[in-house]
Amino acid sequence: MTAHADFAAALLDPDIAAPDGLVAWNGSDPAHRFAVYRNNVTSALSDVLADSFPVTQQLVGEEFFRAMARIFLRGSPPPSPILSAYGEGFPAFVADFAPARTVPFLADVARLEWLRLRALHAADAAPPTPDAIARALADPDRLPGLCLRLHPAAGVIRSPFAVMSLWAAHHGVGRLDDIDPFRPESALVVRPALDVEVVGLPPGGDRFVLALADGLALGEAADAAGAAPAFDLAATLALLIRHGALGALHYPDRS
């Protein structure tokens, strides 16, 4: 390892001794000063994760969350100085973190919170105008081949748990006591303007949007969602349009 790599590794892991060659400007013990610096860095990065995953923290309490965060950041230090982008791998870490399995929906709540953070910082893009949508939908014979691309901020979570209701209740929408956490829910995360929105998806809507995200045309995406009981293509399209979830739309032979 290089000197920089040694320093970075020791900075996040208290089991690694302070690197050799450190000197304190005031003659104090460099190992002690390094330990203080390590604690400050660990605390700051834990704060970043707590700010990004507030409901995840509320579900397990601050002490448990910060202990979990410390273990995560040792193995996943920030890849860049842009800390608003830190934590992408945290939901997957939570899913594999054995002590967290007593809260089975915790990882999916973290996934929803990450989608919201991702949407907040996604690139801006103007949604199609009503006229452009009307023109694209005007020829029913060609509709199956219509390509619908999602807005850069759009994302979907599908969960075997009531992830959207749990998240909303912790933001004052609904009562936790009224929620069955084991009721499956799917949600669309969008940012049509300045604010991020979390919108419940109808049956099959998650499959439809995920198929669009995979690059499938309208007909193929509808087929993928059609296996879900009560899938309503028109209602799902209307929801996506209403919440600004669509980006570009075109037929393959048109620019």
Side-chain angles (χ1 to χ4, degrees), residues 12-14 39-79 82-122 153-191 195-203 205-207 209-210 243 245:
L12 296 177
D13 190 341
N39 183 68
N40 289 340
V41 170
T42 299
S43 179
L45 291 177
S46 297
D47 288 344
V48 169
L49 292 173
D51 288 343
S52 298
F53 301 93
V55 176
T56 306
Q57 177 173 266
Q58 290 172 29
L59 286 167
V60 294
E62 182 177 355
E63 183 178 357
F64 183 98
F65 182 90
R66 295 186 78 86
M68 183 168 60
R70 285 194 295 272
I71 296 171
F72 168 74
L73 62 89
R74 288 178 198 169
S76 302
I82 304 174
L83 292 184
S84 61
Y86 182 49
E88 182 176 5
F90 188 64
F93 169 83
V94 173
D96 290 334
F97 188 58
R101 290 174 188 162
T102 56
V103 187
F105 44 81
L106 190 67
D108 277 358
V109 171
R111 289 187 181 101
L112 175 56
E113 293 197 288
W114 178 255
L115 282 177
R116 294 189 73 257
L117 188 65
R118 172 187 166 277
L120 181 65
H121 297 289
V156 170
I157 182 167
R158 55 191 306 187
S159 173
F161 307 107
V163 60
M164 187 181 77
S165 297
L166 288 165
W167 173 83
H170 280 273
H171 287 276
V173 181
R175 286 169 19 97
L176 276 173
D177 292 344
D178 296 334
I179 298 171
D180 173 8
F182 297 95
R183 184 185 71 246
E185 287 185 347
S186 296
L188 171 72
V189 179
V190 289
R191 197 204 69 217
D195 297 325
V196 178
E197 300 177 4
V198 180
V199 183
L201 285 169
D206 53 351
R207 299 183 189 182
V209 180
L210 289 171
H243 291 281

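As the structure is a prediction and not an experimental result, all values here were calculated from the model.
Taking every heavy atom of both residues into account, S159 and V163 meet most closely at CB-CG1, 3.7 Å. Of all non-hydrogen atoms in S46 and A69, the two that sit nearest each other are OG-CB, 4.1 Å. For the pair S52 and L117, the tightest heavy-atom approach, listed with the atom from each and the gap, is OG-CD2, 3.6 Å. Taking all atoms of both residues into account, the shortest heavy-atom contact from A85 to W114 is O-CH2, 3.4 Å. The two residues F182 and P104 have their closest heavy-atom pair at CE2-CG, 4.0 Å. Here the shortest heavy-atom pairing between L106 and A100 reads CD2-CB, 3.9 Å.
Between the OH atom of Y86 and the CG atom of L73 there is a distance of 4.5 Å, given to the nearest 0.5 Å. The structure places OG1 of T56 at 11.5 Å from CZ of F64, a figure rounded to the nearest 0.5 Å. Here CZ of R70 is found 9.0 Å from OG of S43. Values are rounded to the nearest 0.5 Å. Here the CZ-CG distance, from R74 to L45, works out to 12.5 Å after rounding to the nearest 0.5 Å. The distance from atom CG of L112 to atom CE of M164, rounded to the nearest 0.5 Å, is 9.0 Å. In this structure, CD in E185 is found 12.0 Å from CH2 in W167, a value given to the nearest 0.5 Å.
With sequence neighbours excluded, no residue forms a ring pair (Phe, Tyr, Trp, His ring centres under 6.0 Å) with F105.
Annotation: side chain of L49 is not in contact with side chain of M68 (no heavy-atom distance under 4.5 Å). Using a 4.5 Å heavy-atom cutoff, the side chains of L166 and I179 are in contact.
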Any chance you could lay out the side-chain contact (heavy atoms from CB on, under 4.5 Å) test for L210 and R158, step after step, and finish with the verdict?
CA-CA 10 Å; L210 289 171; R158 55 191 306 187; 3.7 Å; yes
Decide yes or no on side-chain contact (heavy atoms from CB on, under 4.5 Å) for E197 and L188, but give the supporting numbers first.
CA-CA 8 Å; E197 300 177 4; L188 171 72; over 6 Å; no
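Taking the six-membered ring where the residue is Trp, F93 and F90 present parallel rings, their angle staying beneath 30° rather than reaching 60°.
For the salt bridge (Lys or Arg N to Asp or Glu O under 4.0 Å) condition, the pairs that include at least one residue of residues 48-66, sequence neighbours left out, are D47-R66. Screening residues 109-120 for salt bridge (Lys or Arg N to Asp or Glu O under 4.0 Å), with sequence neighbours left out, gives D108-R111.
More than 12 heavy atoms of other residues, nucleotides or ligands lie within 6.0 Å of CD in Q58, so this atom counts as buried by the packing criterion.
Using a cut-off of 4.0 Å between Lys/Arg side-chain N and Asp/Glu carboxylate O, D180 and R183 are scored as not salt-bridged.
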